[in-house]
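Below you'll find the structure, written out as structure tokens, and then a few comments.
Residue numbers begin at 1 in each chain, while the letters A, B, ... track the order of the sequences.
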Number of protein chains: 2
Amino acid sequence: MKYNEQRAIDSATDLFWKKGFQGAGMRDIQQALDMRPGSIYARFENKEGLFTRVINQYAEHGRARLQAVSEHQEPLVALRTFFVEEVTGASEKRYKRQCLLVKSLAEFDNLGEAAKQAILNGMDALHEGFGQVVAALSAPPHNMIKGDESLIAHWLQEQFVGLRTLAVYASDARINLLIDKLLLDLKGHWPALNRPASDE
Amino acid sequence: MKYNEQRAIDSATDLFWKKGFQGAGMRDIQQALDMRPGSIYARFENKEGLFTRVINQYAEHGRARLQAVSEHQEPLVALRTFFVEEVTGASEKRYKRQCLLVKSLAEFDNLGEAAKQAILNGMDALHEGFGQVVAALSAPPHNMIKGDESLIAHWLQEQFVGLRTLAVYASDARINLLIDKLLLDLKGHWPALNRPASDE
DNA sequence: TTATGACTTGAACAATTGTTCAAGTAAACC
DNA sequence: GGTTTACTTGAACAATTGTTCAAGTCATAA
């Protein structure tokens, strides 16, 4: 019987999300995927190989969701929905609130080269996704933002990371207010680019 | 010869910061502290006991630094300096840019109860520290902010977490611009409190 | 000198880690 | 029907994990 590879990666995603790369032992993985060690190694080569696949799929999924936001006819509304879903959803599995990429970044030094690259590429993929959203908001017919698109994309990514981390232990009411604040600031002022960091 | 306990905890902080709780093996710890297993267990009871001490000291240090910011005669200037130091400092040991509490939060499910509590208490300590800064900025003679102090403190904490995570892999120039943006937004508008999350 | 107490040592322990591999199964191809 | 190919199984492996403990060190007190 051929095992459904997609389902295996989904299960592994859940497990790594909950326990992290080091925290998830091969025996946990065997149980979660309902596969015996030989099968896992035949298919994914390694624990790290499986992890790399998980990270790649996770990042690609996030990038695709952000692209969908950018193609929505009301990108700002879609962006708010995106944040609310990612940050206050999964209240039954609270560990899913923290971004898997950020969680994996915490184990960076203990990972092999392939996994490291996957994480960095994943970060770049998210940045690219946010960049598409910013581009949509800046262009006609919306013209909602003016400023350096790449910088604003990094800013959104920063907000995303911060919110999701805080959401692990703060109340939903708080998080919703912080999303409100985020949308206010998005339309707010931006620092001039050609000026080195200064005060006021 | 009696070993300097403070130096031991400092060395352990460095090690846990670099490798994480699970990633740092007892033999790594023995080498870093230059202590034999028996001594470590006599003094700290556990790997987890040592880790808990590290987290407690780290959080208390952060809280104290924020209190100093709040007592500065120019709290806003001190706040900027605080962010710049925490986020773009330690370029030689880049792993120190990520907040140790956030890094530890990623291992939450794999820790014992004592360590979990230490992390949550540490988060609360940071929130309290940011709260003191907000209080100083809101009160005379500065009157720089008006809004719910606890909410703004959570917002600052969110910015802190997001920035430090991004700073692990983004350029310093980017990070400095994002700090500029942060200070603009701090003085900007805040969502009304008595209203549930809504769109503009 | 002897006894006490705090501290240190490092070999050793059981348990767990990621990984391998010879043997087995079953569908596909000639 | 026989061979190949892809996949599966689970016992077993060496290495590493956190932890223990009998024995040793050394300053101080009696």
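- The side-chain contact (heavy atoms from CB on, under 4.5 Å) test applied to B:Lys96 returns B:Asp14, B:Trp17, B:Ala90, B:Lys93, not counting sequence neighbours.
- Looking at residues two or more places apart in sequence or on another chain, you find a side-chain contact (heavy atoms from CB on, under 4.5 Å) between A:Asp185 and A:Trp155, A:Lys181, B:Trp155, B:Lys181, B:Asp185.
- The side chain of B:Arg43 places no N or O atom within less than 4.0 Å of a non-bridging phosphate oxygen (OP1 or OP2) of C:dA6.
- For the pair B:Met35 CE and C:dT9 C1', the computed distance is 11 Å after rounding to whole Å.
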Indicate for each nucleotide in nucleotides 10-20 of chain D, in 5' to 3' sequence, whether protein heavy atoms under 4.0 Å reach the base (B), only the sugar-phosphate (S), or nothing (-).
BBB----BBBB

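- Residue pairs meeting the salt bridge (Lys or Arg N to Asp or Glu O under 4.0 Å) criterion with at least one member in residues 45-55 of chain A, sequence neighbours excluded: A:Glu5-A:Arg53.
- For residues 85-122 of chain B, no residue pair satisfies the ring-ring contact (aromatic ring centres under 6.0 Å, His included) rule, not counting sequence neighbours.
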Acceptor/donor pairs from residues 19-30 of chain A side chains to any protein atom, 3.5 angstrom cut, sequence neighbours excluded:
unit_1	atom_1	unit_2	atom_2	d
A:Gln22	NE2	A:Glu107	OE1	2.8
A:Asp28	OD2	A:Gly25	N	3.0
A:Gln30	NE2	A:Met26	O	3.3

